[in-house]
There are 2 protein chains.
Amino acid sequence: MNKPQHRIQHLRDALEDDIVNGRIAQGERLDEVRLSQRFAVSRTPIREALRQLAATGLVETIPRRGTFVANLGLPEIIEMFEVMAELEGMCGRLGARRIAAEQRTRLLEKLDTCRAAAEAGNSDDYYYENEQFHGVIYELSYNRFLADQAQQLRNRLKPYRRLQLRVPQRMRSSFEEHKAIVDAILGGNEQNAELLLKNHVLIQGERFADLVSMINAAPKHETVAESATA
Amino acid sequence: MNKPQHRIQHLRDALEDDIVNGRIAQGERLDEVRLSQRFAVSRTPIREALRQLAATGLVETIPRRGTFVANLGLPEIIEMFEVMAELEGMCGRLGARRIAAEQRTRLLEKLDTCRAAAEAGNSDDYYYENEQFHGVIYELSYNRFLADQAQQLRNRLKPYRRLQLRVPQRMRSSFEEHKAIVDAILGGNEQNAELLLKNHVLIQGERFADLVSMINAAPKHETVAESATA
DNA sequence: ACGAGTATTCTTGTATACAATTTATAATAA
DNA sequence: TTATTATAAATTGTATACAAGAATACTCGT
């Protein structure tokens with residue numbers, strides 16, 4: 001019944017989902033025995049999953065004390081947006097140079113689905129389509145390693161990006177930016193594609209800073225593990 | 001006697017060192033029981049260390065078959081250098097803008113030690129000082145996340161960078177590039193700093209051919225696990 | 001009543017035992 | 001001899017047992 005060895009992957013995904021969607025609060029400790037009971041497995045695979053999450057930075061393991069959901073401060077988040085902007089900009093630049101014919105139509109299709117979601121005004125739908133759109137951008141770089149890195153970081157920033165689309169105007173302006181980005185890429189304008197994408201992401205970082213108050217309002221556990229990066 | 005909990009870290013470092021320095025060939029399988037005997041620990045901490053290495057991409061774990069030293073093909077290596085160049089360029093750009101007074105002297109000091117090693121013609125020394133130099137560059141970004149990412153990727157590329165410096169001329173030209181980079185950063189010239197660093201890292205021109213020949217010359221194990229990125 | 005020091009409990013880290021699957025080996029048939 | 005299948009060996013994944021350290025509760029003293 002159980003897939004060959006996807007169990008750990010499954011555990012990892014489940015926990016990641018819990019964290020990203022806020023079901024497990026920031027700073028909260030992930031108890032190994034409780035998790036092992038919840039998933040009906042022993043501690044061993046739980047530990048493996050936790051280590052994998054720690055490797056991505058989503059949780060933090062303190063020796064002999066446990067693993068905690070990463071509790072990022074505003075500076076760290078800004079830093080990550082800064083890097084995210086660079087990576088996406090790079091994808092756009094490479095995409096503008098390298099995009100192949102069949103990908104052009106795909107990009108336009110994705111833009112259309114974004115438009116539909118934006119016009120419908122459904123923030124959840126737009127969020128999903130937005131993810132897809134950016135995923136396509138990553139692929140356009142034709143650099144799988146870059147695409148993976150970008151996707152990983154994007155995932156890591158999910159919780160903070162999600163807050164933003166709740167701001168009414170953001171969805172509309174986000175889509176407008178998408179249009180300009182697609183134009184630049186299809187037009188082969190590397191510099192514009194890079195710049196537009198950078199700003200597209202950086203804006204999110206800046207907006208996020210404005211929304212810090214919401215983070216403070218969001219459920220926050222006792223700040224046990226305060227950002228201690230190696 | 002054993003440090004609090006640095007054992008896994010120690011294992012990780014030891015294995016990483018073995019891999020990076022080629023004592024364990026590419027594609028070779030890392031046998032858990034043999035390693036546990038070698039380090040006189042049980043399989044459990046060995047497995048943890050291997051998982052951590054897998055997270056960095058230095059090794060690859062195939063379910064139910066074992067973990068193998070990552071066997072990167074030329075395309076993957078090129079891709080990674082492309083990203084490395086972007087990150088380093090970003091560090092340089094930010095550094096040129098943000099560098100503080102006390103860091104200026106530190107940067108110059110590092111440049112001097114590089115000069116010494118280059119003039120002595122000692123490739124191993126230069127390799128070490130070169131690492132230090134780039135580490136300082138990363139710090140100049142004043143973006144810890146970026147610095148960490150850059151360092152991690154740099155580490156990942158170590159084996160291939162090491163090959164490059166074996167090319168006699170490379171050490172000399174590398175140092176010349178360092179000089180220009182430092183000038184740009186200290187002069188606050190963001191664009192130059194970025195561009196120079198990018199080119200410094202990027203594999204292009206003759207260095208591409210050099211890398212190819214070096215890779216072909218390197219010892220390579222039975223190609224069991226051929227680059228399968230998730 | 002409050003604090004320091006100690007004992008208890010709980011949790012993580014490691015070792016070992018077992019199960020499941022893959023790889024290697026051997027034997028048989030074409 | 002070679003291919004195929006069955007059997008055996010070896011290796012990974014998981015569970016459990018045990019050890020060491022940390023957190024908590026408790027006792028005793030002031």
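Labels below follow one simple rule: chain letters A, B, ... track the order of the sequence lines, proteins then strands, and each chain is numbered from 1.
In this model, the phosphate group of D:dT16 is not approached by any side-chain N or O of A:Arg47 to a distance below 4.0 Å at OP1 or OP2.
Of the candidates D:dA22, C:dT14, C:dT22, D:dA22 carries the atom nearest the A:Arg65 side chain, counting heavy atoms from C-beta on.
Between the C1' atom of D:dA10 and the CG atom of B:Leu35 lies a distance of 16 Å, rounded to the nearest Å. A straight line from NE2 of B:His10 to P of C:dT14 spans 13 Å, rounded to a whole angstrom. Here D:dT11 presents its C1' atom at 13 Å from CZ of B:Arg34, a figure rounded to the nearest Å.
Under the 4.5 Å side-chain criterion, counting only non-hydrogen atoms from C-beta, B:Ile19 is not in contact with B:Pro159. Side-chain contact between B:Ile78 and B:Tyr160 is absent, with no heavy-atom pair separated by less than 4.5 Å. Here the side chains of B:Gln52 and B:Ile8 are in contact, with some heavy-atom distance below 4.5 Å.
Taking 3.5 Å as the limit, the base of D:dT12 and the side chain of B:Arg64 contain a donor-acceptor pair of atoms between them.
Among the heavy atoms of the strands, none lies under 4.0 Å from B:Glu48. Using a 4.0 Å heavy-atom cutoff across all strands shown, B:Arg43 reaches at least one base atom of the nucleic acid.
Within 6.0 Å of atom CZ in B:Arg104, more than 12 heavy atoms from other residues, nucleotides or ligands are found, so the atom counts as buried in its surroundings.
Comparing A:Val41 and B:Thr67 by the nucleotide of DNA chain D that holds the closest heavy atom to each, the one mapping nearer the 5' end is B:Thr67.
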